[in-house]
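Worksheet for the structure shown next.
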Amino acid sequence: MVGMPPDSPDPATAAFLAHRNLLFTVAYEMLGSAADAEDVLQETWLRWVGVDLDTVREQRAYLVRITTRQALTRLRTLGRRKESYVGPWLPEPLLTTPDVAEDVELADSVSMAMLLVLETLAPTERAVFVLHEVFGVEYDEIAEAVDKSPPAVRQIAHRARAHVAARRPRVAVTAAESRGALEAFRRAVETGELQSLVDLLAPDVVMLGDGGGVKQALLRPVVGADRVARVLAAGLPRVKGVVTLESVQVNGSPALIVRIDGEIDNVVAVRIDNGLITGLYVVRNPEKLSRTQQETALHR
């Protein structure tokens, strides 16, 4: 597996394995891509094995610093790649373990909605926000990771917090509320009842589809409850094959896996504000669906 060193009892391997889930979570929150996060872990491991452990005061902090630097490099490369991406780009969904949903702050930070908000930050802003707000890393440590002075990091953190606060849901949504809204959405989609769909959607709801140029998907956002409901109501009847919708936990939040004749076709995640669905995210790109068949452990 990428990022996993050979089975060995040496101290470097033991430390890396002890913190691996944490490092993956840091990289994933910075990149929104599990495949790229795994590559970052591989690069982190290669640098870690060359370190003299006697000079390392705090192994967790040192590993997070290496991971952050590698993720920043990868994030800038991803930015250029996204410029030529076909249609909207959505984060890679992860089927997550139950404990992720139990950690409310972690679940919120890795939700599809939050990862899309993080996409609007500059790379260094994203790194500072993720490290401080999600993982509780002190400003002095972050400064070393991003090659900035501590006062500069504080300013970046303040700017990033304000930016995120203006774009994230203003009221926290419980898991029960999310499940209820998603189940109602599932029933409405299955029955094709247009009015039932409209009633679940906020007037300014935005629907995004990610096919990556490989699968047919929305090439631009669909905005407005009536338009989104019509797209959804018209979509299922056109599908050839047996369609099933399975309720799952994706990125720590309730979501749906849509299968056609038993094969995963897409993942549907939602953003909920004031009891209504304001964001609908449909991932069809096959390259982004490999992590929906087995659970991924996240940690902070």
Side-chain angles (χ1 to χ4, degrees), residues 1-5 7 13-38 40-41 44-45 58-61 63-64 67-68 71 90-118 126-127 129-138 164 168-169 171-183 185-186 245-257 264 267-272 279 281 283 288-300:
M1 183 184 296
V2 174
M4 288 288 283
D7 187 18
T13 299
F16 186 86
L17 289 175
H19 298 296
R20 189 187 191 284
N21 289 345
L22 163 69
L23 302 177
F24 175 85
T25 308
V26 170
Y28 176 73
E29 290 211 25
M30 286 184 60
L31 301 169
S33 164
D36 286 288
E38 290 287 1
V40 163
L41 258 63
T44 298
W45 165 249
E58 226 290 2
Q59 293 182 344
R60 178 185 185 274
L63 281 162
V64 167
T67 300
T68 300
L90 289 173
E92 182 177 350
L94 306 178
L95 190 66
T96 44
T97 52
D99 61 304
V100 176
E102 293 166 5
D103 185 339
V104 177
E105 290 185 2
L106 177 60
D108 175 65
S109 72
V110 297
S111 69
M112 297 287 278
M114 177 56 80
L115 290 175
L116 284 172
V117 171
L118 295 180
R126 185 168 183 168
F129 181 87
V130 166
L131 292 176
H132 187 69
E133 300 300 318
V134 181
F135 298 97
V137 180
E138 297 296 331
V164 170
R168 75 191 309 173
V171 179
V173 180
T174 66
E177 289 172 324
S178 294
R179 280 194 300 271
L182 200 67
E183 283 305 307
F185 172 79
R186 173 183 175 176
L245 283 71
E246 178 189 1
S247 298
V248 294
Q249 288 284 328
V250 167
N251 290 51
S253 302
L256 296 174
I257 288 180
I264 295 177
V267 170
V268 180
V270 297
R271 167 175 168 162
I272 298 171
Y281 315 117
V283 181
K288 294 185 177 183
L289 297 177
S290 63
R291 290 281 185 146
T292 59
Q293 303 193 51
Q294 61 181 24
E295 292 178 338
T296 295
L298 301 176
H299 181 67
R300 68 187 181 108

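When a residue number appears, it is its place in the shown sequence, counting from 1. Here the structure is a predicted model, which means the values were calculated and not measured. In what follows, every heavy atom counts, from backbone to side chain, and hydrogens, waters and symmetry copies are set aside.
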Quiz prompt | Gap between atom CG of Leu63 and atom CD of Glu58 - 0.5 Å precision | solution = 9.5 Å
Quiz item: Can you tell me if Gln59 uses its side chain to pair, donor with acceptor, with the backbone of Ala15 under 3.5 Å?
Solution: no
Self-check item: Main-chain N/O of Leu23 paired with Thr67 side-chain donor or acceptor, under 3.5 Å
Solution: no
Self-check item: Leu94 CG to Lys288 NZ distance, which is reported to the nearest 0.5 Å
Solution: 11.5 Å
Quiz prompt | Residue list, salt bridge (Lys or Arg N to Asp or Glu O under 4.0 Å) with Asp103, at least two apart or on another chain | solution = Arg300
Quiz item: Between Leu116 and Tyr281, what is the shortest heavy-atom contact and its length?
Solution: CD1-CE2, 3.4 Å
Quiz item: Can you name the salt bridge (Lys or Arg N to Asp or Glu O under 4.0 Å) partners of Glu177, sequence neighbours left out?
Solution: none
Exercise. For Glu138, check salt bridge (Lys or Arg N to Asp or Glu O under 4.0 Å) against everything at least two apart and list the hits.
Key: none
Exercise. Indicate yes or no: at least one non-hydrogen side-chain atom of Val270 is less than 4.5 angstrom from one of Met112.
Key: no
Exercise. Kindly indicate, with the supporting measurements, whether the criterion side-chain contact (heavy atoms from CB on, under 4.5 Å) is fulfilled by Thr25 and Leu106.
Key: CA-CA 10 Å; Thr25 308; Leu106 177 60; 4.1 Å; yes
Quiz prompt | By ring-ring contact (aromatic ring centres under 6.0 Å, His included) - contacts of His132 (at least two apart) | solution = Tyr139
Quiz item: Of all heavy-atom pairs between Leu256 and Leu245, which one has the smallest distance, and what is that distance?
Solution: CD1-CD2, 3.9 Å
Practice problem: Please report the closest heavy-atom contact between Ala269 and Ala255, naming both atoms and the distance. | Solution: CA-CB, 4.3 Å
Quiz item: Rounded to the nearest 0.5 Å, how far apart are CG of Leu95 and CD of Gln249?
Solution: 9.0 Å
Quiz item: For the side chain of Arg126 and the backbone of Met30, is there at least one donor-acceptor N/O pair under 3.5 Å apart?
Solution: yes
Quiz prompt | Where Ile272 and Ala181 come nearest, the two heavy atoms and their spacing | solution = CD1-CB, 3.5 Å
Quiz item: Looking only at heavy atoms, which two atoms of Val117 and Arg271 are closest? And how far apart?
Solution: CG2-NH1, 4.3 Å
Quiz item: Listed by chain and number, what are the salt bridge (Lys or Arg N to Asp or Glu O under 4.0 Å) partners of Glu183, not counting sequence neighbours?
Solution: Arg186
Practice problem: Check whether any side-chain N or O of Ser253 sits under 3.5 Å from a backbone N or O of Val250 as a donor-acceptor pair, and report yes or no. | Solution: no
Exercise. Please name all residues satisfying side chain to side chain donor-acceptor pair (under 3.5 Å) with Thr296, sequence neighbours left out, ordered by chain then number.
Key: Arg291
Quiz item: Counting only heavy atoms not in Glu105, do more than 12 sit closer than 6.0 Å to its CD atom?
Solution: no
Quiz item: Out of curiosity, Asp108 CG to Met114 CE, how far, rounded to the nearest 0.5 Å?
Solution: 4.5 Å
Practice problem: Report yes if the side chains of Ile257 and Val268 come closer than 4.5 Å at any heavy-atom pair, otherwise no. | Solution: no
Quiz item: After noting the C-alpha distance and the side-chain angles of Phe24 and Val40, does the key distance pass the side-chain contact (heavy atoms from CB on, under 4.5 Å) rule?
Solution: CA-CA 8 Å; Phe24 175 85; Val40 163; over 6 Å; no
Quiz item: Which atom names give the shortest non-hydrogen contact between Tyr28 and Pro91, and what distance separates them?
Solution: OH-CB, 4.5 Å
Self-check item: Atom pair CG (Leu298) and OG1 (Thr97), whose distance is rounded to the nearest 0.5 Å
Solution: 6.5 Å
Exercise. Could you walk me through whether Val64 and Phe135 pass side-chain contact (heavy atoms from CB on, under 4.5 Å), step by step?
Key: CA-CA 10 Å; Val64 167; Phe135 298 97; over 6 Å; no
Quiz item: What do the steps show when you test Ser290 against Glu92 for side-chain contact (heavy atoms from CB on, under 4.5 Å), and what is the final call?
Solution: CA-CA 9 Å; Ser290 63; Glu92 182 177 350; 4.0 Å; yes
Quiz item: Quick one: does Asn251's side chain have a donor or acceptor within less than 3.5 Å of a partner on Pro93's backbone?
Solution: no
Quiz item: Got a second to check how far Thr96's OG1 is from Glu295's CD, nearest 0.5 Å?
Solution: 7.5 Å
Quiz item: Do Glu38 and Arg20 meet the salt-bridge criterion of a basic N to acidic O distance under 4.0 Å?
Solution: yes
